[in-house]
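Heads up, the thing below is written out as structure tokens.
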Number of protein chains: 2
Amino acid sequence: MPTDAKAPARARAADELKQAALEQFASVGFAATSLQHIADHAGYSKSSVLYHYASKEALLESAIEPAVSQFEEVLEDYLAGRDPVRRRRLVDRVIDLMLVHREAVHVFLIQGPSLAELPIIARADAAVRRLAAAICDERESVEDQVRFGVALGGAAFLLTAGRTFADDRAQPSDDELRAALHTVLPELLAPPAATRTADAE
Amino acid sequence: MPTDAKAPARARAADELKQAALEQFASVGFAATSLQHIADHAGYSKSSVLYHYASKEALLESAIEPAVSQFEEVLEDYLAGRDPVRRRRLVDRVIDLMLVHREAVHVFLIQGPSLAELPIIARADAAVRRLAAAICDERESVEDQVRFGVALGGAAFLLTAGRTFADDRAQPSDDELRAALHTVLPELLAPPAATRTADAE
DNA sequence: CGCTACCTTGACCGATCGGTCAGATCCTGC
DNA sequence: GCAGGATCTGACCGATCGGTCAAGGTAGCG
């Protein structure tokens, strides 16, 4: 009888499995992660995984759905009334969401194309596309699209795969990463003319 | 020596298989790509794949080794004598290499962390780390590391996974992408103070 | 013609995949 | 204490995985 585990035994096991699955999906990929690995990593049997989740795909959906929903919320909030101030706030909130949900972001952004048949991935893809349209706005020059793609993919890479390439020296803390991203990404995305005004803050 | 049509039956089959494998590895991931898929996609049998390549991993190595070697070459050339002009040229050449070898880049950069045990991936990782050190130079602020990570990962994302998120409108041509990347990345990587001088060209 | 070397393939192997199912165990309300 | 649902697990299933192997086809060459 664990103390803090007053928590409904049901939800606890499900959460542990979900967390273990998310970590594995993000670090080695959905296809390369077996139910057995997830079970071992969480301290349960493979059968238990399939007791709590109907299938491997259902487990993926449970793991990343909250992240997708929050991205959709933030996006809807911006689309409700778009203006430069809200646009900047959109960028800031997306950065924060990516930090919190980095594993989920890795799954639906980086691994997305190979999982396109899953409904939850399709939902995430649609949201990303709307985000792209929102950020690039009416300007549809190739350069603007490239700026958006680099910013989005670059942040996703940095927060997951990219960490591997800097492990010899100390890892920057999340706070340091957040601060740097809040500086670099708006600078990258801002219409060149607006850079200085945005700086003035 | 036959002309290219006459082409050595041996080398032709091997090349076709290598190309098919590279496309699959980049689009759905190494782990999710089976030898059967590769064989089907290239019009051979699974046994033929294993006749030309000793194993799935040997096939991966053959497919991405040329790209890794070229990155190493470009990097060595810069390290031989580093100065701002060479640094800018390094960035330009890396961008061009990423365009030509986008599938290989996706494999060892994006999928790299989950394939770290393979020698060819370890080689690529080491090269990327040296590249990071070269670009960030002695400046080791978190912000500079973030700039590098975003630029590298962003370009890799844009050239592979990212294409999925823009398929409804026409895809930019490679020339357009190259031009945009040559504008955006140096601007992102340049020491803020040097931005204007770099602009002056 | 046969000989040889190369290329290709289907049959096959053990391991592991995602998933099913019947039971063992545990917890709870009466 | 006991009944009954919730939780957990091992045994098992068909499919597919990476990889082996020996036989068959096909050219060049005497």
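This structure is a prediction, so every number in the text was calculated from the model and none was measured. Basis for what follows: all heavy atoms, side chains included, without hydrogens, waters or symmetry-related copies. Naming: A, B, ... by sequence-line order, numbering from 1 per chain.
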field: Sidechain N-carboxylate O distance under 4.0 Å for A/R123, A/E61
entry: no
- prompt: What string of B, S and - do you get for nucleotides 17-22 of chain C, 5' to 3', if B is base contact, S is sugar-phosphate-only contact and - is no contact with any protein heavy atom under 4.0 Å?
  reply: SBBB--
- request: Apply side-chain contact (heavy atoms from CB on, under 4.5 Å) to A/Q19 and list each qualifying residue two or more places apart in sequence or on a separate chain.
  value: A/E23
message: Looking at A/S48, I'd like to know whether one of its side-chain N or O atoms comes within less than 4.0 Å of OP1 or OP2 on D/dC8.
response: no
- prompt: Who pairs with A/E76 by salt bridge (charged side-chain N to carboxylate O under 4.0 Å, His left out), at least two apart in sequence or on another chain?
  reply: A/R130
message: If the condition is salt bridge (charged side-chain N to carboxylate O under 4.0 Å, His left out), which residues does B/D40 pass it with, not counting sequence neighbours?
response: none
task: Return the value, rounded to whole Å, for the distance between atom NE2 of B/H52 and atom P of C/dC6.
output: 13 Å
- prompt: For A/E57, which residues count as a salt bridge (charged side-chain N to carboxylate O under 4.0 Å, His left out) partner, sequence neighbours excluded?
  reply: none
field: Nucleotide D/dT9, atom P - distance to CG of A/D40 in whole Å
entry: 11 Å
- prompt: Over how many whole Å does the gap from A/Y51 atom OH to C/dT25 atom C1' extend?
  reply: 13 Å
Residues forming a salt bridge (charged side-chain N to carboxylate O under 4.0 Å, His left out) with B/R93, sequence neighbours excluded: B/D77
